[in-house]
Amino acid sequence: MTDHILVECRDAVQIIRLNRPEKKNAITRAMYAAMATALAEGDCDEAVRCHAIFGAPEAFSAGNDLADFLAVATGGEGGEEVFDFLLALAGCRKPVVSGVDGIAVGIGTTINLHCDLTFATPETVFRTPFVDLGLVPEAGSSLLAPRVLGPQRAFALLALGEALDAEAALAAGLIHRIVDASSLEKTALSAARALAAKPPEALQITRDLLRGPRDEVFARIREEGEHFRARLKSDEARAAFTAFMNRKRDGA
Ligand code: COA
């Protein structure tokens, strides 16, 4: 149990809210576990017709908790929570809407490749510094990002580490609309409620057709995961995590 993930159901929409603003919504193992459970339970609950994922104002998520990464890099156990979450998200049977404001780093960006509609504010910046951290893409992003963004923009995002602001993300097809921060949640929830009110069987078949077979997405998540786990223990990654942890002490 963690109070860093808040879950509620409103008007047939299950709202999953990342609630760790003091750490810019960096995601811990307990948070992945809570989100995986919420998605699985919401998918089985007839009262839920749509999922909605939100972060905090100015911080959708700073990505995986780097202290958790450092623990693995220095000999600790990794845990399966992140994969449980990713497989639950990728395999989710009901539509997923996200509302993103501000920081969206790493998995804070790649989550949205699995969402059916993403709304973002003008202040949002998507960034995936995997390679700079000695890591590789995750969440099936090496498969999905080239499809969504095209190969060049996907490479710039995932390999070069180039940021995408909201306008660029909209032009690239990563998000559906840009809305002011003051109306982000209202707009995203209104879309989620509209989806929740549709005939569910017709919506589900339509969504399945649009998303295509999931097997290759699951397979890619697992393939990336093999590399990711190995990379977490690499000298490159250990050095990057340690530098982040020490940056304030070192005045960086
Ligand atoms: N893991 C763990 N803690 C994190 C974190 C992360 N991914 N991102 C931010 N935090 C913590 C900071 O350590 C800081 O904690 P402290 O106040 O106890 O020192 C707090 O959140 C606020 O972050 P701070 O860096 O002061 O905010 P900022 O607005 O100056 O910068 C970021 C925000 C997101 C640009 C910066 O924190 C960052 O680069 N984070 C790492 C992002 C990352 O590489 N994620 C992994 C991707 S795979």
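Quick caveat: nothing in here was measured; it's all calculated off a predicted structure. We number each residue from 1, following the sequence as shown. Whatever order the structure lists them in is the order used to number ligands and atoms, beginning at 1.
- Short contacts between ligand 1 and I103, defined as distances under 4.0 Å to a heavy atom of the residue, involve ligand atoms 33 (C), 34 (C).
- Residue F244 has no nitrogen or oxygen atom sitting less than 3.5 Å from a nitrogen or oxygen atom of ligand 1, judged on distance alone.
- Interface of L133 with ligand 1, defined as ligand atoms under 4.0 Å from a residue heavy atom, comprises 44 (O), 46 (C), 47 (C), 48 (S).
- Counting heavy atoms closer than 4.0 Å to ligand 1, residue R247 contributes side-chain atoms (C-beta onward) but none from N, CA, C or O.
- Any N or O atom pair closer than 3.5 Å counts here, and D65 shares no such pair with ligand 1.
- S141 is not listed as a side-chain neighbour of T128, based on a closest heavy-atom distance of 4.5 Å or more.
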CA sep, side-chain torsions, deciding dist, call: R238, E236, salt bridge (Lys or Arg N to Asp or Glu O under 4.0 Å): CA-CA 6 Å; R238 198 164 31 244; E236 291 172 352; over 6 Å; no
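- Compare A62, P137, G63, A240 by their heavy atoms: the one nearest to atom 34 (C) of ligand 1 is in A62.
- Checking R127, K24, E22, K23 against atom 35 (C) of ligand 1, the nearest heavy atom belongs to R127.
- A salt bridge links R207 to D116: at least one charged side-chain nitrogen sits closer than 4.0 Å to a carboxylate oxygen.
- If you take CD on E226 and CZ on R231, they are separated by 14.5 Å, rounding to the nearest 0.5 Å.
- At a 4.0 Å heavy-atom cut-off, ligand 1 touches V105 through the side chain alone.
- With values rounded to the nearest 0.5 angstrom, R29 atom CZ is found 10.0 Å from N64 atom CG.
- More than 12 heavy atoms of other shown residues, nucleotides or ligands fall within 6.0 angstrom of atom CD in E22.
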